[in-house]
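Since the structure comes first, as structure tokens, the remarks are kept for the end.
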Amino acid sequence: MTAPPAFTTLLSPLRLGAHTVRNRTLMGSMHTGLDGLERGVERLAAFYAERARGGAALIVTGGFAMNLEALLDDHGPRLMTPEQAHALRPIPHAVHAEGGKILLQVLHTGRYGKTAQLVGASSIPSPINRRVPRTLSTAEVWQTIDDFVNCAELAMQAGFDGVEVMASEGYLINQFTTTRCNNRTDEFGGSMANRHRLPVEIVRRTRRRLGPEALIMYRLSALDLVEGGAPAHEVIALAQAVEAAGADVINTGFGWHEAKVPTIAYLVPRAAFRFAAARIKRAIGIPLIVSNRINTPDVAEEILASGDADMVSMARPFLADADFVRKAAAGRPDTINTCIACNQACLDFIFNGRPTSCLVNPRAGRELEFLQMPAPKAKHRVAVVGAGAAGLACAVTAAERGHEVTLYEAAPSIGGQLNLARAVPGKEEFHELVRYFEARTEQEGVQLRLGQRPGADELAAAKFDHIVVATGVRPRSPRIEGLDHPKVMGYADLLSGRRQAGRRVAIIGAGGIGFDVAEYLLHELAPHGAENSADHGAAEGVGAFFSEWGVDTAPDAPGGLKPPLSPRPLRSVTLLQRKPEKPGRTLGLSTGWALRARLEQRGLQTLSGCTYERIDDAGLHLRVGAEARVLDVDTIVICAGQESETTLADALRSQGLAPQVIGGAELAAELDALRAIDQGTRLAMTF
């Protein structure tokens, strides 16, 4: 494929040991959960093959345990026998058939494991795991090294091009390399050389066993982001040692799983941690891969062209769009379905014991369910009313399948509630989702009717084969005396910019929208001195992110940490909810903690168990338990849930028609783009 001038470096080949990859993209490792399903290997083969078909040059599987103590849980993937290796053969075969290369990741979870046989470098538990690990004996460490090597040999027998030795994110090897959880006194503890002995021996013995043809990638923790983590000189020394031991390429990871700094959530600036990869790159002679929050070809190209890395790892972006590389190579990056770093259907699904997928691309991980994209022989005329997430997904998918689609939207632009989401600081990636749908509606020939609200008579007269109602939701109004007071506004008025909030604000409703509104209100920061304004100006950026979360870019900073600086917002905000439980319970597992921490740092106050009595000039009168209070606020923002907008659907049914209702119009329990896009896509597949 010929690279457009904008992505010349990204799409150029690269030599990795005895192998040449066709471009500079790596689909990084992720837990998928697909292996535990019926036809698991077939599902994984289809999943990875689709990414290779879309242009991914090199793929790394999710982690495979090399012994029982290495397992994440009792049902986790493992590679310990020739029979297991034989069963995996369809995976590399499928990737090779599409022109890609694939490595098997060898992973020992160490003290992160959720099994009875938990082991670690030392008997120091992780703050995110209640289990206490048993210290591996010296003999057991040497046996673990042998188990790593045996697993790598089995991976080659299965047909993989090599292995990735997983040694970042706080897993077992990473645990050995730092003083945080290694207080050993044998040959694997104490000095830096001793703490590095485990990974160096794994790489050295793997190279000796597999020979020069195997591709060995080492996943290095470039920035631990935990107290007691490694300073840069130790990280660089380890990189140089594994290079000398026989590694072909070093991949970088950032942050242990127990770190209190977000590394892949939507509020992390793009490519924020590249600085740590760049200083390793300058110290080694083999290729280096940079990762984390690289989600567009423009960002990838800039990093590679600068010389900060030789390759970019993009795991979730290949979930969002398997054709990422193909579209970039065709000069159509506007049609890439960009990862918005929401984590809702990838990490959060895995944490809940569900197989991974993707909010913006429900086909991800479900390739066997979406085999046939062409429509049946009969071409249908489809009307979709409402260009929010559900309606857009339905319209684009139906048009992609060959149907004639007319998409109506009452507003002057598409997006619906997505336009409110992208107004929230940190959720700017939703701009990319709206941009994607704009490009795809044009590309697929969807007839877009903006500023039009068709009635039931008009739709009936047009004799469409299918009428899809995706009219969304309307905000629910709670029963509170004084709700018409000038202090009161709805969340849509605020986030759309139609109204402005005062300095003292109460938010009624502590669901996801309530937290988004709090983030919106507390984002604007007050200047208080030149030193602070330099770190916390109104414009967010990598520097402001590092200051607020306490990330230190100095090479001598252990773990890359420093004391965080607390910003001073312009407003005081109180978030209220009726339920007596702690607010934020429904937020995402992998992102909610960071949002709660960020808002707490910015002074958000919360009250639970509230009963609202009235609103007047004095403010919001309420009871918290038995205590009567008055909140003297300038603005009260209502985020009390939504109701389905069913007017059109009801009118169509009254005429004897059977509209198909999706998204918020069908269920308004929460504004849920994940469910809306999935539902819209699946419905269109039935036409």
Side-chain angles (χ1 to χ4, degrees), residues 362 370 372-420 434 437-477 492 641-673 675-687:
F370 290 99
Q372 298 298 323
M373 281 307 296
K377 293 181 180 179
K379 185 176 183 179
H380 298 294
R381 294 178 64 243
V382 179
V384 180
V385 184
L392 287 165
C394 184
V396 166
T397 304
E400 184 180 2
R401 301 191 71 225
H403 299 304
E404 181 183 316
V405 181
T406 302
L407 176 60
Y408 297 92
E409 171 54 47
S413 60
I414 68 169
Q417 299 283 332
L418 297 176
N419 292 319
L420 300 182
V434 176
F437 279 125
E438 287 174 342
R440 294 289 284 123
T441 53
E442 178 183 357
Q443 185 182 45
E444 297 298 337
V446 174
Q447 300 174 44
L448 194 56
R449 301 287 185 261
L450 296 175
Q452 296 187 27
R453 194 189 301 270
D457 291 340
E458 178 184 345
L459 292 170
K463 298 189 182 302
F464 287 102
D465 298 302
H466 299 276
I467 300 174
V468 180
V469 176
T471 45
V473 298
R474 56 178 178 268
R476 179 185 295 118
S477 295
Q642 303 81 34
E643 298 173 344
S644 295
E645 177 50 72
T646 62
T647 305
L648 177 60
D650 293 341
L652 288 167
R653 292 187 185 109
S654 71
Q655 295 197 17
L657 298 175
Q660 290 153 303
V661 185
I662 60 174
E666 190 261 337
L667 179 65
E670 274 283 342
L671 285 185
D672 190 350
R675 176 179 174 276
I677 293 174
D678 181 84
Q679 192 177 32
T681 302
R682 290 181 183 275
L683 175 60
M685 295 295 293
T686 67
F687 298 158

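Note that the coordinates shown come from a computational prediction; the quantities given were computed from them, not determined experimentally. Note that the numbering runs from 1 along the sequence shown for the chain.
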Charged N to carboxylate O under 4.0 angstrom, Arg440 versus Glu400? yes
Does any part of the side chain of Phe687, heavy atoms only, come nearer than 4.5 Å to the side chain of Lys379, both counted from C-beta? no
Measuring only between side-chain heavy atoms, which start at C-beta, is Val434 closer than 4.5 Å to Ile414? yes
Quick one: do the Thr681 and Gln679 side chains pair a donor with an acceptor below 3.5 Å? no
Rounded distance (nearest 0.5 Å) linking atom CG of Leu657 with atom CG of Leu459: 8.5 Å
Say you draw a straight line from CG of Leu652 to OG1 of Thr646; how long is it, rounded to the nearest 0.5 Å? 11.0 Å
Crowded around Glu442 CD? As in, over 12 foreign heavy atoms under 6.0 Å? no
dist Arg401:CZ -> Thr686:OG1 (nearest 0.5 Å) comes out at 7.5 Å
Within 45° of the six-membered ring axis of Tyr408 and under 6.0 Å from that ring's centre, is NZ or CZ of Arg449 located there? no
Quick check: do Arg476 and Gln642 have side-chain heavy atoms less than 4.5 Å from each other? no
When you look at CZ of Arg474, are more than 12 heavy atoms from neighbouring residues, nucleotides or ligands closer to it than 6.0 Å? yes
Heavy-atom check, side chain of His466 versus side chain of Val382, under 4.5 Å: yes
